[in-house]
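What follows is a short report on a single structure.
For reference, positions follow the sequence shown, starting with 1.
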Amino acid sequence: MTTETVRPGPGSAESSGVVVVGAGYVGLTTAVCLAHLGHRVGCLDIDSTKIEQLRQGRPTILERDLDHLLSEGLEANRLRFSTDPAEVMPGTEFVFLCVPTPQASDGSADLSYLKAAASEIGPLLDAGAIVVNKSTVPVGSTRVVERALGRRDVSVVSNPEFLREGSSISDFLHPDRIVIGSECSEPALRLSRLFSALEAPVLLTDPATAETIKYAANAFLATKVSFVNAIANLCEAVGANVTEVAVGMGYDRRIGMDFLQPGPGWGGSCFPKDTRALVHIAEDAGYDFSLLKGVIAVNDEQYERVIMKVVRQAGGSLNGANVAIWGLTFKADTDDLRDSPAIEIARRIVARGGTVHAYDPTVSDDVPGLAITVSADPYSACERADVLVVATEWREFGALDFAKVGASMTRRSIVDTRNLLDAASLRSLGFSYEGMGVRLPRLP
């Protein structure tokens, strides 16, 4: 079908039934939001402990407003959770596949969970049902799902998600656009009516284009972050202030302010996986995506630049140094540790002989595979520390008592990878402060 932008037409107040397969970040957000829009939603997951917790109205992930919408859906009997497909599939019109597609060592996506889910639900689908690929999947994955379903009387369409962790509920209910990829217009239009309550343009296109849009969007955002990190490094070299440079760039409407904040590098569940997957997709198609390879290389180099700052602040070596790290999640307002720059920084400090005590508001247990100590509060993490590294931009870190912090440290040294703290006030307290993209003048 040709690509066109439409507004969703009027739909019924309640759908014939929706099932969401997978209760992770994308699946749970999709389930509670569709229930909030008035649809009857069943959510499936193989994790019985997770399902029981959700039945009790207790969120399994940290997301703003999730607890409210979860309780609302359960109380209205529009939302139910199960581990048994046969319990929720009868009468279902739309099935959203929101299962993991982890990255293989070569950058490709592992579709085994997707195939397994499709194979399991295939025999249970009503004729005319629409199966929706919501997971981030390689170009051509609608064909993979069609084969796994083994049904010619159902349709498979692509509906990629554009959700940011920490604000996924708001992103779902107030989207910039809704993308639907289908070989035929009829299932695409039916699916668009499911979102009729949302004020957003709907882009109807073919599956390959829809799948590529998701990868292209994340790759471009990752490019912006790597670019501003490279500019931050340049600013340090020439004595410019990257914060002001980014503001000057962001006022250009062609560029915008978003994703122009320097930091330790990008991470999380999407950017690392999607950028490498897009490079792999390009290679399979015979194209050397050298620009995106450079974006990834800049991100990898950024970790080492942070380590060099920590080494300087520790007195020239990390061997035997005690380092405090504030923040372990890949960004604030989420409890997700996947591909977190903070975790990578901690791993490299340990590899150089340093000892790490870390604090994060959402982390209370040890991090598997990482030889660090998780502290109960930010102050205890700093006791006898040679350097404090601010690795995640939790706002609460900026409001702490830094006189108390400094009194417990062996050296008053801070590396602020998020430019979160007030450098001037810290220097007045005797701290040696190093941020990202700003070369501070020497103290008199």
How about R177: does its CZ atom have over 12 heavy atoms from other parts shown lying under 6.0 Å from it?
-> yes
Straight-line distance of D336 CG to Y25 OH, nearest 0.5 Å = 4.0 Å
Check ring pair (Phe, Tyr, Trp, His ring centres under 6.0 Å) between F402 and all other residues, then give those that pass, not counting sequence neighbours.
-> W326
Short N-O contact, K134 and E161, less than 4.0 angstrom | no
What one should report as the nearest heavy-atom pair of C98 and V26 is SG-CG1, 4.1 Å
Any side-chain donor near an acceptor of the partner, T60 and Q53, under 3.5 Å = no
Below 4.0 angstrom, N of the basic side chain to O of the carboxylate: do E301 and R305 qualify?
-> no
Cut-off 3.5 Å, side chains only: do N133 and S141 have a donor facing an acceptor?
-> no
Mutual orientation of the aromatic rings belonging to F259 and F271 [parallel < 30°, tilted 30-60°, perpendicular > 60°] = tilted
Is a salt bridge present between D288 and K293, judged by a nitrogen-to-oxygen distance below 4.0 Å?
-> yes
Taking 4.0 angstrom as the limit, do K309 and E236 come out as a salt bridge?
-> yes
What pair of heavy atoms forms the shortest contact from G265 to Y303, and how long is it?
-> CA-CE2, 4.5 Å
Run the salt-bridge test on R338 and E165 with the 4.0 Å N-O cut-off and return the result as yes or no.
-> yes
T362 versus D360, side-chain donor and acceptor atoms under 3.5 Å | yes
Can you name the side-chain hydrogen bond (donor to acceptor under 3.5 Å, both in side chains) partners of S112, sequence neighbours left out?
-> D110
Might you point out which heavy atoms bring A222 and T275 nearest each other, and give the distance in Å?
-> CB-CG2, 3.8 Å
Under 3.5 Å, is there a donor-acceptor pair between the D377 and Y359 side chains?
-> no
Donor on one side chain, acceptor on other, E63 and S168, under 3.5 Å | yes
Return the minimal non-hydrogen interatomic distance between D45 and G24, and the atom names on each side.
-> OD2-N, 4.5 Å
Pairwise distance CD(Q313) to CZ(R411) - rounded to 0.5 angstrom | 7.5 Å
Distance from L54 atom CG to L79 atom CG, nearest 0.5 Å?
-> 8.5 Å
Is K404 salt-bridged to E383, going by a charged N under 4.0 Å from an acidic O?
-> no
Ion pair R276/D300, N-O distance below 4.0 Å | yes
